[in-house]
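All residue numbers refer to positions in the sequence shown, counting from 1.
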Amino acid sequence: MAHIVASLDQPSNYKDSQSRIDRQTQAEILARSTTLYVGNLSFYTTEEQIYELFSKCTTPEDGGGIKRIIMGLDRNTRTPCGFCFVEYYTHAEALACLRYISGTKLDERIIRCDLDVGYKDGRQFGRGKSGGQVRDEHRQDYDPGRGGWGAQAQRMEAERRREVEERYQDAQNVPGAVAGGGGDWKAEHSQTTTTLKRGRSPEEEPEGGRGEPRARVDEPDHDANRM
């Protein structure tokens, strides 16, 4: 059965693209590593919560325990971005936490743990283009624990808004467009209204252009001549 079921305390085949060590050297370092990489954390998970969970597999009475926790930060905003490093005093403690804690829930999220070659200054910052962690660069779903929409979805929304604004600007530049404030439209509308006014009849035309109506000539009453 050992060759069928994978061991829970084995590190993944992940290779740090920024690390200059080869696979064999990496395997040797991981065989004695005391550091865990923890991913898929909520942006709102605190260091205290991580310490409480990851200290359950430690043995302080034997000189073990958590040495330190390094929270992963967004490179631009310096706020938590969903990962951290947990350093132990012994390799056995790191293996125990990898075995029993990876795949469990923290803040209603299934967290992932992996043995790490060791923390170095600068690795606490996300490597994504947006400043966060790389996985969020390709996420298109809405995840409230990871800041809402993924970076890719945010870029698509920003592009859509930019296109709408460009169309709006084009509409303002068209002569007579309502989007430009309605000034040209009002002037054209007033001219149209003037031309649609009812013209005066000849009897109502002013005499001499003074604005007074012409006197009306009464027609003879034919009924008055009747006997």
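- Among residues two or more places apart in sequence or in another chain, the side-chain hydrogen bond (donor to acceptor under 3.5 Å, both in side chains) test is passed with Asp107 by Thr45, Gln49.
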Report task. Apply the test side chain to side chain contact (heavy atoms under 4.5 Å, CB included) to residues Leu115 and Thr35: give CA-CA distance (whole Å), side-chain angles for both, the deciding distance (0.1 Å), then the verdict. Result -> CA-CA 6 Å; Leu115 284 176; Thr35 304; over 6 Å; no
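- Partners of Tyr51 by side-chain hydrogen bond (donor to acceptor under 3.5 Å, both in side chains), not counting sequence neighbours: none found.
- When all heavy atoms are compared, the tightest approach of Phe54 to Cys97 is O-SG, 3.4 Å.
- Side-chain contact between Tyr88 and Leu95 is absent, with no heavy-atom pair separated by less than 4.5 Å.
- Applying the salt bridge (charged side-chain N to carboxylate O under 4.0 Å, His left out) test to every pair with at least one member in residues 25-46, sequence neighbours left out, gives no pairs at all.
- Taking Arg78 as the reference, nothing meets the salt bridge (Lys or Arg N to Asp or Glu O under 4.0 Å) condition, with sequence neighbours excluded.
- Scored by the side-chain contact (heavy atoms from CB on, under 4.5 Å) test, Glu52 finds no partners at all (sequence neighbours excluded).
- Checked options Asp74, Leu73, Asn76; the residue passing with Phe125 is Leu73 (criterion: side-chain contact (heavy atoms from CB on, under 4.5 Å)).
- Two residues are said to be in side-chain contact when any heavy atoms from C-beta on lie closer than 4.5 Å; Phe85 and Leu36 fail this criterion.
- Judged purely by atom type and a 3.5 angstrom limit, Arg112 has no side-chain atom pairing as donor or acceptor with the backbone of Gly39.
- Between Tyr37 and Tyr119 the shortest side-chain heavy-atom distance does not fall below 4.5 Å.
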Report task. Start with the C-alpha gap between Thr34 and Thr90, add the side-chain angles, then the distance that decides, and say whether side chain to side chain contact (heavy atoms under 4.5 Å, CB included) holds. Result -> CA-CA 6 Å; Thr34 60; Thr90 65; 5.5 Å; no
Name every donor-acceptor pair, under 3.5 Å, that has one atom in a side chain of residues 59-67 and the other anywhere in the protein, sequence neighbours excluded.
| residue | atom | partner | partner atom | Å |
| --- | --- | --- | --- | --- |
| Thr59 | OG1 | Glu93 | OE2 | 3.4 |

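- Each salt bridge (charged side-chain N to carboxylate O under 4.0 Å, His left out) pair with one or both residues in residues 79-91, not counting sequence neighbours, appears once here: Arg68-Glu87.
- Side-chain contact between Val38 and Ile50: absent, with no pair of heavy atoms (C-beta onward) separated by less than 4.5 Å.
- Atoms SG and CD1, from Cys84 and Ile69 in turn, are 6.5 Å apart once rounded to the nearest 0.5 Å.
- Every residue meeting the salt bridge (Lys or Arg N to Asp or Glu O under 4.0 Å) condition with Asp116, not counting sequence neighbours, appears here in chain and number order: Arg123.
- Checked against side-chain hydrogen bond (donor to acceptor under 3.5 Å, both in side chains), Ser102 has no partners two or more places apart in sequence or in another chain.
- Checked by atom type and distance alone, the side chain of Ser33 never pairs as donor or acceptor with a backbone atom of Leu30 at under 3.5 Å.
- Put simply, OG on Ser42 and CD1 on Ile111 are 11.5 Å apart, with the number rounded to the nearest 0.5 Å.
- A search for side-chain contact (heavy atoms from CB on, under 4.5 Å) contacts involving Lys56 returns Leu53, not counting sequence neighbours.
- Applying the side-chain hydrogen bond (donor to acceptor under 3.5 Å, both in side chains) rule to Thr104 yields no partners; only residues at least two apart in sequence or on another chain are considered.
- In the hydrophobic cluster analysis, where Ile, Leu, Val, Met, Phe, Trp and Tyr join through side-chain heavy atoms closer than 4.5 angstrom, Tyr89 is grouped apart from Ile29.
- Closest non-hydrogen pair, Gln124 versus Lys120, comes out as OE1-O, 4.5 Å.
- Here the side chains of Asn40 and Phe83 are not in contact, with every heavy-atom distance at 4.5 Å or above.
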